[in-house]
2 protein chains.
Amino acid sequence: MNDHHDALDKLIKYFKNFFPLNEKERNELSTRFIERKVKRRALILQQGEVCRHFTFIVKGCLKMYAVDKSGKEHNLQFGAENDWITDLSSFYSEKPSSVYIETMEPSVMLQIKHPDLLHLYTNYHKFDRNFRIIIEQKYIELQNRVLQNISSTANERYLSFLEHYPNLSNRLPNTQVASYLGITPEFLSKIRKDLTQNH
Amino acid sequence: MNDHHDALDKLIKYFKNFFPLNEKERNELSTRFIERKVKRRALILQQGEVCRHFTFIVKGCLKMYAVDKSGKEHNLQFGAENDWITDLSSFYSEKPSSVYIETMEPSVMLQIKHPDLLHLYTNYHKFDRNFRIIIEQKYIELQNRVLQNISSTANERYLSFLEHYPNLSNRLPNTQVASYLGITPEFLSKIRKDLTQNH
DNA sequence: AAATATCCTTAATCTAGTTCAAGCGTCAAT
DNA sequence: ATTGACGCTTGAACTAGATTAAGGATATTT
């Protein structure tokens, strides 16, 4: 009944939303996934490094961001409990990543390495299946975000963010939300002021 | 040696980039995928309709777009030879789609219906595997596009589009490219003028 | 408890991108 | 041959959002 057990239970429970795992598959999880606890502001992945882990978030909150030539950070993705975070491109290609992954709260994760995940894929149809479904869901989310970006104002995008990620929006500093929306913190502040005044 | 055969050959060849299919799997393709030829400006999917097909593009060029309240079209995705186009969300949920899919050239497609694709997934590990990889690649592309959208100017996004999709950019009218980039055709025209003048 | 980051807001100025309107070239259909 | 529909461009006026700079509020660290 130790922490590792708790974390794994959370992952097993998570997979029940898809095609639930049998005992053998659950055992594989427990040997292949490694628990990791980190404090706030820990860098899980740095630009230039190969992304070695596919990460399931048991507790806490992380962000994935790119840094442009002028040094500005741009948040590509947030992740919290029961979500995955990884630089897919670097993870599969085993080439240096162009992004950072960093905790925004003290966090507990379960991580699997490339060869271990390939082992699961190769030997268990169900893992290929479940990860296909997971990525499909994340693809749909991302496509909605693209649509927002090309068709909506910053104001509309902010409202949509509040609607879709209510639990994230009250956990994160607004500077981080602004970076995710692709606007400056100053402009987000203006948007928020307008919203409170006109309602 | 008919056309259907040619189209299927193209799909089989496509799968060689992933985990190549054995004879039984190839046979399944030939019975489950249906060839469809359409002229220019044909609507493959309309808003409000359930997306019934997962579509492989053998020849031609298609776009997927959403229409906002003011009637403006916003291009979410283009697809050409050896690419897939589908409203994933509607296809899997079997709920009405919020987007349109339309040919921009006379096109040849291979389409599979939901139950048939599920049949492939359920009975052949390899299809779950291959479609996982396909979606992962498209996820990475989409993530790069999000990064562009939140961090780059219209000018930079246009240059990046030219670089990544040179074959599409000379096939499409600029109005369509502008809609994909999230800017007006007028502003794209201005960008293009600046580019030719300053180089 | 002080000290230092980090975060949030406001306001003035500036710029990237939109809107509206018009004109022109091209291509497909009658 | 002529008519449209469509695509491309230009310019003037406008607006969403960035930039810069400053001050105050909250946390976090020492």
Side-chain angles (χ1 to χ4, degrees), chain A residues 38-43 60-61 63 65 67-75 78 100 102-107 148-162 168-198, chain B residues 39-42 61 63 65 68-75 78 102-106 148-162 168-198:
Chain A
V38 293
K39 59 182 178 184
R40 198 166 163 259
R41 278 172 208 254
L43 273 176
C61 187
K63 63 176 171 177
Y65 60 94
V67 176
D68 66 23
K69 328 100 207 166
S70 77
K72 266 176 229 139
E73 297 181 6
H74 302 278
N75 288 341
F78 297 127
Y100 296 79
E102 188 179 330
T103 53
M104 307 178 74
E105 297 175 0
S107 301
Q148 290 276 330
N149 282 335
I150 65 175
S151 69
S152 303
T153 63
N155 197 309
E156 294 166 330
R157 275 180 277 147
Y158 177 58
L159 290 175
S160 164
F161 177 78
L162 291 183
L168 275 179
S169 60
N170 48 28
R171 240 164 122 173
L172 300 176
N174 286 322
T175 42
Q176 296 303 321
V177 176
S179 167
Y180 178 91
L181 295 174
I183 60 177
T184 58
E186 292 89 344
F187 192 58
L188 179 54
S189 182
K190 199 177 295 183
I191 288 172
R192 288 161 51 78
K193 190 186 172 191
D194 291 353
L195 287 175
T196 55
Q197 284 184 348
N198 301 330
Chain B
K39 59 182 179 185
R40 199 166 163 257
R41 280 174 206 252
C61 188
K63 64 176 171 178
Y65 60 93
D68 67 23
K69 327 100 209 166
S70 77
K72 263 176 230 139
E73 298 181 5
H74 302 278
N75 288 340
F78 297 126
E102 188 180 330
T103 53
M104 307 179 73
E105 296 175 2
Q148 290 277 330
N149 282 335
I150 65 175
S151 69
S152 302
T153 63
N155 197 310
E156 292 166 332
R157 275 179 278 147
Y158 177 59
L159 291 174
S160 164
F161 177 78
L162 292 183
L168 276 179
S169 59
N170 48 28
R171 240 164 122 171
L172 299 177
N174 286 322
T175 42
Q176 296 303 322
V177 176
S179 167
Y180 178 91
L181 295 175
I183 59 176
T184 59
E186 292 91 342
F187 192 58
L188 178 54
S189 180
K190 203 174 291 181
I191 287 171
R192 288 162 51 80
K193 189 185 173 193
D194 291 354
L195 286 175
T196 55
Q197 285 185 348
N198 302 328

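Every heavy atom of this structure was used, including side-chain atoms; hydrogens, water molecules and symmetry mates were not. Naming: A, B, ... by sequence-line order, numbering from 1 per chain.
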Extract from the structure each pairing of a protein N or O with an N or O of nucleotides 19-28 of chain D at less than 3.5 Å, listing the distance.
none

B:Gln176 meets the side chain to side chain contact (heavy atoms under 4.5 Å, CB included) criterion, sequence neighbours left out, with B:Lys63, B:Asn75, B:Phe78, B:Met104, B:Pro173
Rounded to whole Å, the NZ-C1' distance (A:Lys193 to D:dG17) equals 16 Å
Those residues at least two apart in sequence (or on a different chain) that pass salt bridge (Lys or Arg N to Asp or Glu O under 4.0 Å) with B:Lys39 are none
So the side-chain hydrogen bond (donor to acceptor under 3.5 Å, both in side chains) pairs with at least one residue in residues 182-192 of chain A (sequence neighbours excluded) are A:Tyr158-A:Arg192
Residue set satisfying ring-ring contact (aromatic ring centres under 6.0 Å, His included) with B:Phe161, at least two apart, ordered chain then number -> B:Tyr165, B:Tyr180
Taken to the nearest whole Å, CG/B:Leu172 to C1'/D:dG7 is 13 Å
Sorted by number, residues from residues 151-161 of chain A placing a heavy atom under 4.0 Å from DNA chain D are A:Thr153, A:Ala154, A:Arg157
Applying side-chain hydrogen bond (donor to acceptor under 3.5 Å, both in side chains) to B:Glu73 and not counting sequence neighbours gives none
Angle separating the five-pair end axes of the helix from C:dT9-D:dA22 to C:dA22-D:dT9, nearest 10°, is 40°
Would you check if there is a donor-acceptor pair between the side chains of A:Asp68 and A:Ser70 at a distance under 3.5 Å?
-> yes
Rounded to whole Å, the CG-P distance (B:Asp194 to D:dT9) equals 12 Å
Smallest heavy-atom separation, B:Glu156 atom then B:Gln148 atom, equals O-OE1, 4.1 Å
Rounded to whole Å, CG of B:Leu188 lies from C1' of D:dG7 at a distance of 12 Å
Minimal heavy-atom distance between B:Ile183 and B:Ala154, with the atoms involved, is CG2-CB, 3.7 Å
Between A:Ile150 and B:Ser179 the two heavy atoms that sit nearest each other are CD1-O, 3.9 Å
task: Return no unless some side-chain N or O of B:Asn174 is found under 4.0 Å from OP1 or OP2 of D:dC8.
output: yes
note: B:His74, atom NE2; C:dG17, atom C1'; distance rounded to Å ~ 15 Å
Q. Do any side-chain nitrogens or oxygens of A:Arg192 fall under 4.0 Å of OP1 or OP2 in C:dC8?
A. no
In short, salt bridge (charged side-chain N to carboxylate O under 4.0 Å, His left out) pairs touching residues 171-182 of chain A with sequence neighbours left out are A:Glu81-A:Arg171, A:Glu105-A:Arg171
To the nearest angstrom, the CD-C1' distance between A:Gln197 and C:dT9 comes to 12 Å
Separation of C:dC8 atom C1' from A:Asn170 atom CG, nearest Å, is 17 Å
A:Lys193 meets the side chain to side chain contact (heavy atoms under 4.5 Å, CB included) criterion, sequence neighbours left out, with A:Gln197
In whole angstroms, the gap separating P of D:dG17 from CG of A:Asn149 amounts to 11 Å
